[in-house]
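See structure below.
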Amino acid sequence: MKTSCLLDKVNSPSDLKKMTDEELVMLAWEIRRQIVDTVAKNGGHLASNLGVVELTIAIHSVFDCPDDKIIWDVGHQSYAHKILTGRRDAIGTIRKENGISGFPKRSESKYDCFDTGHSSTSVSAALGIACAEDMKKSDAYTVAVIGDGALSGGLAYEGLNNAGRSGRNLIVILNDNKMSISQNVGSMAKYLSKMRIQPGYLEAKTKMHRLEKVPVIGRPVTSGMKHVKDWMRDDFFGQRGNIFTQLGFAYYGPYDGHDIAQLRTALNAARHKHSPVLIHVCTKKGKGYGYAEKNPKNFHGVSAFNIETGEPKTTSQGFSDVFGKSMCTLAAKDKRICAITAAMSIGTGLSTFSKKYRDRFYDVGIAEEHAVTFAAGLASDGMIPVFAVYSTFLQRSYDQILHDAALQKLHIVLAIDRAGIVGEDGETHQGIYDVAFLNTMPNVTVYAPSSFSELEAALIKAISNTEGVAAVRYPRGGQQYLPADYHPDNQPYTIYGDEQADTLIVTYGREFSQVCLAKEGLSKQGIEVCILKLNTIVPIPAGAVLKAGSFENVYFFEEGIRNGGAGEKFGFELYQSGFKGKYSLTAINGIVTQARTDSALHKTGLDSEMIEKKIINDPCVGGRINGGKKKT
């Protein structure tokens, strides 16, 4: 992509210090154009990145990175940061295999000081870095950029509570765009709304900062006006300061997050404070691209799209859509059914439910821990709560699932979306750990449908016919290949293929499609195998273990982490039952980096090609006509 002359002049953040405010404004326009062009081709996070372009420019024009450290909360808004820190030529590879990440990565650049991907971590990490710099006798600054949506996460408050009284060179920038992924909810959202709608206060503070720069008289006059500002603050906020000053921060703002000159003034003032400062900036999510400005929720995380129309290049029904429709159908029949989301009503398919059953829909913000315990509270009083959440974010709720739901045998339902490999978002978002950690808990049942119809049936079973914690896990995207002669039976496990073969493949979920393709390929080479598909994976069905024990060779393929996963548990129970044959487990062992899902499956040995190769190369099976039959 051909870039304009201003962007060509920026090879590192230090080059920004040579530019005028007018040039920086034009640079922001160029960066926005490059971000839109890139995301339209690669997919990725658009609205959040467009909203912080001026803020990113201002930060890098004032601070001296990498000596000063910047931590981007969540990190999905770091595209402009990457462009300005020597990765402009590589931005076209963002989120692609072997390309740069869509999130900050310490291994990628010296300008990325902390890896992020999940919400609400920045303040705690920044405080740790600030304390480390202090121990090293460094005067460097640490800057945490956190969105108002992330303030609905409890970890953010733990960080703020400790950071405010630390006395360190720590600056927290609150990027207030009124959004997380879905519309922000809760008391903090209302509180920030009150702060940001005081135009008189904002205008007066802006004029004071401008006056401060006037030679000779500026500082004395503004110092004398401080008591007036304090009076204004008390009048507008109804108290001495606000929640941030009460926590120990010097509070600056709110400021226009798209006014670079104003932002630079505020940041320079914070640099001279030498103590914790919180700068409140108001930005517009999707700024500069009309479709994203009008509908920032739909342009949060997007697949490739047409810039002219804003329409995605491909559309198809996915598991999330089927889940959402099923929830509406079931809720119409049972008024006890409630739906919970953690700021992701669109992503989890609950948009229609949220409108149709408002009194039974709860968006708790980015607060997965609270969501689970809240669900447990609902369940304890007779409701049937369904918490729809991405697998990667459910990780944050381990203790709540165990302590507040499983141990009490409370009936909550976890609808685990994005289960398995998710692709280009990379290692922080792969949904490969949930089976392993749910395997460690008592009173938990996990269903793993492979098709839309199986998802509908599993959801009914989880809601109406399961005690304790019930989880239904399903992948990102749409339904995969299923053989024409495969017919779901909604039993704990399903047998597909020739039961007289001596080789059995065990699997579950989306991986069933890859195993079926491999079965067909093996059959063409004269090797017949049978498939045992687990529909319930926690606990392992006793009948499935007994059935597998009748085969000589058993292969388990699992799109999840090996340690503690269903395959490891199945193998243990198989040998405990007296199995004397060969058991082979192929599962994920290590970190899955960003790549298309099909490529990631291939590299982890889980696509049909690698499954075929593994079985063919096994001397116990490969090369034998018809794969052998069971011994009689």
Side-chain angles (χ1 to χ4, degrees), residues 1-38 49-70 72 77-89 91 109 111 140-141 143 145 171 173 175-177 202-219 221-222 252-273 277 279-284 286-289 293:
M1 172 182 167
K2 181 176 176 56
T3 57
S4 58
C5 57
L6 276 177
L7 201 48
D8 282 337
K9 294 178 181 179
V10 180
N11 297 307
S12 71
S14 61
D15 294 322
L16 298 177
K17 301 179 187 297
K18 307 169 188 175
M19 293 184 173
T20 65
D21 286 349
E22 291 74 17
E23 288 176 319
L24 292 177
V25 170
M26 181 59 68
L27 180 66
W29 182 86
E30 295 176 12
I31 291 173
R32 263 196 189 90
R33 186 179 66 181
Q34 187 166 36
I35 290 174
V36 171
D37 288 345
T38 300
N49 279 289
L50 295 178
V52 297
V53 173
E54 288 87 0
L55 177 60
T56 306
I57 291 172
I59 291 171
H60 277 299
S61 68
V62 169
F63 293 96
D64 299 313
C65 297
D67 292 332
D68 294 329
K69 307 294 192 300
I70 305 173
W72 300 92
Q77 77 284 51
S78 62
Y79 293 10
H81 163 76
K82 289 177 182 265
I83 290 171
L84 294 173
T85 53
R87 287 166 277 183
R88 173 169 55 94
D89 292 339
I91 200 70
S109 171
Y111 294 101
Y141 291 87
V143 181
V145 184
I171 297 170
I173 299 175
N175 173 32
D176 182 0
N177 58 28
L202 174 57
E203 182 180 356
K205 287 201 70 173
T206 301
K207 289 179 178 179
M208 285 185 63
H209 279 293
R210 289 174 182 169
L211 179 61
E212 192 174 19
K213 295 193 290 185
V214 176
V216 183
I217 66 168
R219 286 186 179 277
V221 171
T222 54
Y252 296 170
Y255 297 101
D256 180 353
H258 301 295
D259 185 328
I260 293 176
Q262 189 179 121
L263 291 171
R264 282 164 51 84
T265 298
L267 291 168
N268 275 309
R271 285 181 74 245
H272 292 94
K273 189 70 175 175
V277 177
I279 302 176
H280 183 180
V281 303
C282 297
T283 62
K284 186 173 184 63
K287 175 77 172 177
Y289 181 58
E293 286 189 17

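For the single chain, residues carry numbers from 1 onward in sequence order.
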**OP:** Show the numbers, then the answer: is there a side-chain contact (heavy atoms from CB on, under 4.5 Å) between Asp68 and Val143?
**Re:** CA-CA 8 Å; Asp68 294 329; Val143 181; 5.8 Å; no

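- At a threshold of 4.0 Å, the pair Arg88-Glu30 does not count as salt-bridged, since none of the basic side-chain nitrogens sits closer than that to a carboxylate oxygen.
- The side-chain heavy atoms of Gln34 and Ile83, taken from C-beta on, include a pair separated by under 4.5 Å.
- Side-chain N or O atoms of Gln262 include one that pairs as donor or acceptor with a backbone N or O of Asp256 at under 3.5 Å.
- Side-chain N or O atoms of Asn11 include none that pairs as donor or acceptor with a backbone N or O of Gly86 at under 3.5 Å.
- In this structure, CG on Leu55 lies 13.5 Å from NZ on Lys287, to the nearest 0.5 angstrom.
- Counted within 6.0 Å of CE on Met19, heavy atoms from surrounding residues, nucleotides or ligands total more than 12; the atom is thus considered enclosed.
- Distance alone, capped at 3.5 Å, places no donor-acceptor pair between the Arg32 side chain and the Tyr289 backbone.
- Taking 4.5 Å as the limit, every side-chain heavy atom of Thr56 sits out of range of all side-chain heavy atoms of Asn49.
- Taking both residues in full, the closest heavy atoms of Ile260 and Ala58 are given as O-CB, 4.4 Å, listed atom of the first, atom of the second, then distance.
- Listed here is the closest heavy atom pair of Leu263 and Gly257: CD1-O, 3.4 Å.
- With sequence neighbours excluded, the residues forming a side chain to side chain contact (heavy atoms under 4.5 Å, CB included) with Asp21 are Leu24, Ala261, Arg264, listed by chain and number.
- Here the side chain of Asp67 pairs no donor or acceptor atom with the backbone of Ala140 at under 3.5 angstrom.
- In this structure, Thr20 contributes its side chain and Glu23 its backbone to a donor-acceptor pair below 3.5 Å.
- The shortest distance between side-chain heavy atoms of Lys17 and His60 does not fall below 4.5 Å.
- In this structure, Ser78 OG and Leu84 CG are separated by 11.5 Å, a value rounded to the nearest 0.5 Å.
- The side-chain heavy atoms of Lys82 and Tyr111, taken from C-beta on, include no pair separated by under 4.5 Å.
- Taking the side chain as every heavy atom from C-beta outward, Cys65 and Ile70 approach each other to under 4.5 Å.
- With sequence neighbours excluded, the residues forming a salt bridge (charged side-chain N to carboxylate O under 4.0 Å, His left out) with Asp15 are Lys18, listed by chain and number.
- Pairing each heavy atom of Ala270 with each of Ile279, the nearest pair is CB-CD1, 3.7 Å.
- Of the inter-residue distances, the one linking Ile91 atom CD1 with Thr38 atom OG1 reads 5.5 Å to the nearest 0.5 angstrom.
- Looking at residues two or more places apart in sequence or on another chain, you find a salt bridge (charged side-chain N to carboxylate O under 4.0 Å, His left out) between Arg87 and Glu108, Asp112.
- Formation of a donor-acceptor pair under 3.5 Å by the His280 side chain with backbone atoms of Tyr255 is not found in this model.
- Inter-residue side-chain proximity for Leu267 and Ile173 is flagged as met; some heavy-atom pair is nearer than 4.5 Å.
- Between Val145 and the options Val52, Ile59, Val281, a side-chain contact (heavy atoms from CB on, under 4.5 Å) holds for only Ile59.
- Inter-residue side-chain proximity for Thr283 and Asp176 is flagged as unmet; no heavy-atom pair is nearer than 4.5 Å.
- Between atom CG of residue Leu50 and atom CD of residue Gln77 there is a gap of 12.0 Å, rounded to the nearest 0.5 Å.
- What you find for Lys284 and His258 is that their closest heavy atoms are N-NE2, 2.8 Å.
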